[in-house]
Amino acid sequence: MATVNVRGGVPEQRQEESGASAGTIGASRALGLLLVITGAAGVLAGWVITIDKFKLLEDPHFQPGCSLNPVVSCGNIMKSEQAAVFGFPNPMLGLVTYGMVVAIGAGLLAGARYRGWFWLGLNAGMLFGVGFCTWLMYQSLYEINALCLWCCLAWTATLLMFWYVTSHNVRTGVLPAPAAVKGFFEEFTFALPVLHIGIIGMLILTRWWDFWTS
């Protein structure tokens, strides 16, 4: 009978995670659910932005619903060069990648187990996502000088899934780490996304401090 141990904010079923004999590694239902929820949030954000982008192409005077003021202005973000850095609207990439995360999370909820290389690939993809989101954050705050609420939702979802998948990989040995690091992830995984998102929130607050307080 599998025992459940609640650590790092995510209940872990050790029997699911110890897949050395079969060469595969499972994960808790909590991680699967987190991936489904964060992936769905990313899909939602990507879908809304993509639809608004099409409307903006049809009508240059179209104002997206999330364009609330000079700072929170999705329209300015969509019109920028950074919004199509790969030659097509960035949200279209999100529709594919976040959809894949939903599928992986659903697989975990159904009891799927993946090999170590799969977990590493998933972690690498999410690391790329965090790096890309960080670049977009910088562009949004200091180059475009506008903020998109749907983008903020996608950023938050990406950070959450990255840190919890990283925690899973460290704790199961997919990512080699000293015992102290494993112990930290077992107890304090939640602190990492909270700190990361908190720093971004502080940057947003200080960037437009005069606007928020006027």
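For reference, positions follow the sequence shown, starting with 1.
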inquiry  = Looking at Gln63, is its backbone amide N or carbonyl O close enough to the side chain of Ser67 to form a donor-acceptor pair, meaning the two atoms are under 3.5 Å apart?
reply    = no

task = State, yes or no, whether a side-chain contact exists between Leu35 and Val165 at a heavy-atom distance under 4.5 Å.
result = yes

query = Is there a side-chain contact between Leu147 and Cys152, using heavy atoms and a 4.5 Å cut-off?
reply = yes

Beyond-backbone contact of Leu68 with Leu149, side-chain heavy atoms, under 4.5 angstrom = yes

note = Joining Ile, Leu, Val, Met, Phe, Trp and Tyr whenever any side-chain heavy atoms lie under 4.5 Å apart, the cluster holding Ile49 also takes in Leu44, Val48, Leu56, Phe62, Met78, Trp150, Leu153

task = Kindly assign one of parallel, tilted or perpendicular to the pair Phe118 and Tyr114, based on the angle between their ring planes and the thresholds 30° and 60°.
result = parallel

query = Do the side-chain N and O atoms of Trp119 and His168 include a donor-acceptor pair separated by under 3.5 angstrom?
reply = no

message = With ring-ring contact (aromatic ring centres under 6.0 Å, His included) as the rule and sequence neighbours excluded, what pairs involving residues 35-60 come up?
response = none

inquiry  = Enumerate the side chain to side chain donor-acceptor pair (under 3.5 Å) contacts for residues 173-183, please, sequence neighbours excluded, ordered by first and then second residue.
reply    = none

Met137 and Ile204, any side-chain heavy atoms less than 4.5 Å apart = no

ask   = Side-chain contact, heavy-atom cut-off 4.5 Å: Tyr164 with Phe190?
value = yes

query = Given a cutoff of under 4.5 Å between side-chain heavy atoms of I, L, V, M, F, W and Y, with clusters grown through shared members, what are the other residues clustered with Val96?
reply = Met100

ask   = With a 4.5 Å heavy-atom cut-off, do Val181 and Pro178 have their side chains touching?
value = yes

task = Indicate yes or no for a side-chain donor-acceptor contact from Thr189 to the backbone of Phe185 under 3.5 Å, with no hydrogens or angles considered.
result = yes

key: Within-4.5 Å side-chain heavy-atom neighbours: Ile144 and Lys79   = no

remark   = Separation between CG (Leu120) and CG (Leu127), nearest 0.5 Å, reads 12.0 Å

Point-to-point distance, once rounded to the nearest 0.5 Å, from OG1 of Thr50 to CZ of Phe88 = 10.5 Å

key: Residue list, side chain to side chain donor-acceptor pair (under 3.5 Å) with Gln82, at least two apart or on another chain   = Gln139

query = CZ of Arg207 to CD1 of Ile200: how many Å apart, nearest 0.5 Å?
reply = 16.0 Å

ask   = Does Cys66 have any disulfide bond (SG atoms under 2.5 Å apart) partners at least two apart in sequence or in another chain, and if so, which?
value = Cys74

inquiry  = Once side chain to side chain donor-acceptor pair (under 3.5 Å) is applied, do any residues pair with Thr97, and if so which ones, sequence neighbours excluded?
reply    = none

task = Please identify each residue that fulfils side chain to side chain donor-acceptor pair (under 3.5 Å) with Thr158, with sequence neighbours left out.
result = Tyr98

request  = Would you mind listing every side chain to side chain donor-acceptor pair (under 3.5 Å) that reaches into residues 36-46, with sequence neighbours excluded?
outcome  = none

query = Taking only residues two or more places apart in sequence or in another chain, which ones pass side chain to side chain contact (heavy atoms under 4.5 Å, CB included) with Trp117?
reply = Arg115

With sequence neighbours excluded, residues passing side chain to side chain donor-acceptor pair (under 3.5 Å) with Thr166 = Asn123

ask   = Which residues pass the side chain to side chain contact (heavy atoms under 4.5 Å, CB included) test with Ala83, sequence neighbours left out?
value = Ser80

task = Could you check whether the rings of Phe128 and Phe132 sit parallel, tilted or perpendicular, using 30° and 60° as the cut-offs?
result = parallel

